[in-house]
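Accompanying notes for the structure given below.
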2 protein chains.
Amino acid sequence: MNDKLLILRGNLKANLSDVAKEAGVSAITVSRALRHPDKVSKKTLDKIMSVVDRLGYIPDPAARALAVGKTNVIGVVVPSVTNNVFSDVMRGIFETSEGSKWQIQLGNSRYSPLEEERLVRTFLSQKPAGLILSGLEQSEATSKLLMNADCRIVQIMECGPAPYDMMIGFSHIEASRVATRHLLEKGYKKPGYIAARLDPRSQRRLQGFEEVTTAAKLYDPARIVTTPRPSTVTLGCELTADLLSKAPDTDAILCNNDDLALGALFECQRRGLNTPNEIGICGFNDLEMMAVANPAISSVRTHRLQIGQQAMSMMDAALAGPEPDPSVIDVGFEMSARESTNRSAK
Amino acid sequence: MNDKLLILRGNLKANLSDVAKEAGVSAITVSRALRHPDKVSKKTLDKIMSVVDRLGYIPDPAARALAVGKTNVIGVVVPSVTNNVFSDVMRGIFETSEGSKWQIQLGNSRYSPLEEERLVRTFLSQKPAGLILSGLEQSEATSKLLMNADCRIVQIMECGPAPYDMMIGFSHIEASRVATRHLLEKGYKKPGYIAARLDPRSQRRLQGFEEVTTAAKLYDPARIVTTPRPSTVTLGCELTADLLSKAPDTDAILCNNDDLALGALFECQRRGLNTPNEIGICGFNDLEMMAVANPAISSVRTHRLQIGQQAMSMMDAALAGPEPDPSVIDVGFEMSARESTNRSAK
DNA sequence: TTGTAGGCGTTATCAA
DNA sequence: TTGATAACGCCTACAA
């Protein structure tokens, strides 16, 4: 077994003491050379580095984790990997983590609080450096886990009270209030609402719509159509069809997201309803395609990429110190008013 | 330090020997009880389980990894986390892995072979149980790593010769041949092609188009517009505009993917060009929205979800034994012919 | 069916 | 600046 060094190239991987032996130093010195190069004399450092290189030594993360009681893993739990909203957030996270020492591990809770709990439990067992999760509300068990968790936490997508640790997002209810007011300002008198898969954030958006229409005395429950099914463009068509059959005089549709909005537009076109004059359409999130549809579709622009990027930056700062200064960030949103709600004067 | 058990609830986490002491057995027995319950007497098993439960014991994956030299991690490298194609594949992988012992770890190579190499290296250092990656070609260094890798490998998205291990996908060149022939059969004489971000699979699709048009003596390089930029609906509009300015008599557009196809449709509509009569449009992948556009857009249906699901099933089978039987699977594709290429007789 | 001994590769601590 | 020693928590091999 002592001919290990001879066989190294090919099969066995070198470990710390292999490197140490070859370099004529002790294992711990190699360890230091790798982690704190400044605490090792230039000469031994050079020697060690050349051996590391020659043997192709790569540290074993499991051994390190065992010794330190911590990993470089940052666990990310998203409710969906297909939803455009989260893919943008994920992209921001991945982009920003690249080049850093952090290793992103992704979990898909599929909008299930129980699955989220399972994932958090699994992640925590790995002694992660941090955890990024979506939204304000978790199951009670998950909450308890998180409050006692020995790692940094960033909640994303929403802003609200009592963060576990850090937080970045925006107010969904406020965003939908603004969109609803936009419809009213444009002169629509009978606005409807369609929504799929009512997660907590969707529900708050619906609530914003209800508030504003109620205040304007334009609230009509017959013009609200929702379904637990996951959102698609096709579903946007169907929900629009439902809405128009229940309330044919609807003159505008606020859609819970852009897929639905595109579907709504297609469905209205098929029925020969002119958008924006006969029926206004507004989406949510402002995916890039909204701007190039015919007519261009109004939407509420949300800063998904930025949320991912900054969530990761905050995490990195929190872990590397100094503490990120605002530890709760509201990135806001903007109303992107376009043709689809730009009704001619009536 | 021996009052550990007293403090357990709250701060410290129990480890194997804590459980062992409490249960009045040895650590290894607890370990066995957890992994091979049938190799432990019913009585001790019960006792152990109740203690495990009471102390909230959770095994430390790092310690296990160190002892066994393997983890439950399955590394997945995708070229993009935002591209719809890969989100569907990822969804299939996550769905299928759920409930299994495998832990998915996702890496985003952003279509960069170098980044892919870095990711593979990192994954391998974690001694994963398996690796799932996209496509046939890797950098030479990556190839070497993979060939010597001590884990199972599934290549996804494409089918081709010389898999490292397992493989599931389809023939991109054949798929685009079929789509191109479809256009010709529908009577289009001046087909063009637009493509964004030419990864190897996109290139093979372009190649299929070139082959078939050349054979039909309808090949015209002026009608091929490509860009390295990432694909979006907006870009579909732009590329279409480019194509139509370079070759205004183009009567059909084969698009490298569905985003571009939707953009192409929007652009044509904006120019008052009738689809399918003045200009045919065909996409690739058949995202659900293709079927509900106006007109419905023809596309080539690819089985992305299935690829993800089966990739994971094969991996699971390979790891749990027995070996998955065909270890290379061609899931094929289907031409979804719709209105957008259904030209009236001319 | 259960237990003992030893090791996995790294790092913290303390000493030189 | 460097090193010896002892963990970290679990598992394999062998023994009882």
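First the proteins, then the strands, lettered A, B, ... as listed; each starts at 1.
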Can you check the [X] [atom1] to [N] [atom2] distance for me, whole Å?
| X | N | atom1 | atom2 | value |
| --- | --- | --- | --- | --- |
| A/K21 | C/dG9 | NZ | P | 11 Å |
| A/D60 | C/dT11 | CG | P | 10 Å |
| A/K127 | C/dT11 | NZ | C1' | 14 Å |
| A/L66 | D/dC8 | CG | C1' | 4 Å |
| B/L34 | D/dC10 | CG | C1' | 11 Å |
| A/Q126 | D/dC10 | CD | C1' | 16 Å |
| A/I58 | C/dT10 | CD1 | C1' | 15 Å |

- Can you tell me if B/S97 uses its side chain to pair, donor with acceptor, with the backbone of B/F94 under 3.5 Å? yes
- Hey, does the side chain of B/N148 reach the backbone of B/K144 with a donor-acceptor pair shorter than 3.5 angstrom? yes
Between the side chains of [X] and [Y], is a donor N or O closer than 3.5 angstrom to an acceptor N or O?
| X | Y | value |
| --- | --- | --- |
| A/S31 | A/R35 | yes |
| A/T29 | A/S26 | yes |
| A/T44 | A/S41 | yes |

- Query: Do the side chains of A/S139 and A/E116 get nearer than 4.5 Å, heavy atoms only?
  - Reply: no
- Query: Below 4.5 Å, heavy atoms only, C-beta onward: do B/S143 and B/Y164 meet side chain to side chain?
  - Reply: yes
- Item | Given D/dC10, D/dG3, C/dT2, the nucleotide with the shortest approach to the side chain of A/T29 | D/dG3
- In numerical order, the residues of residues 40-49 of chain B whose heavy atoms come under 4.0 Å of DNA chain C are B/V40, B/S41, B/T44
- Message: Out of the candidates B/I28, B/V30, B/V52, only one should pair with B/L16 under the side-chain contact (heavy atoms from CB on, under 4.5 Å) rule; please name it.
- Response: B/V30
- Let me have a per-nucleotide readout for nucleotides 11-16 of chain D, 5' to 3', with B, S or -, counting only protein heavy atoms under 4.0 Å. SB----
- Working for salt bridge (charged side-chain N to carboxylate O under 4.0 Å, His left out), residues A/E117 and A/R121: CA-CA 6 Å; A/E117 183 177 328; A/R121 227 179 269 283; 2.8 Å; yes
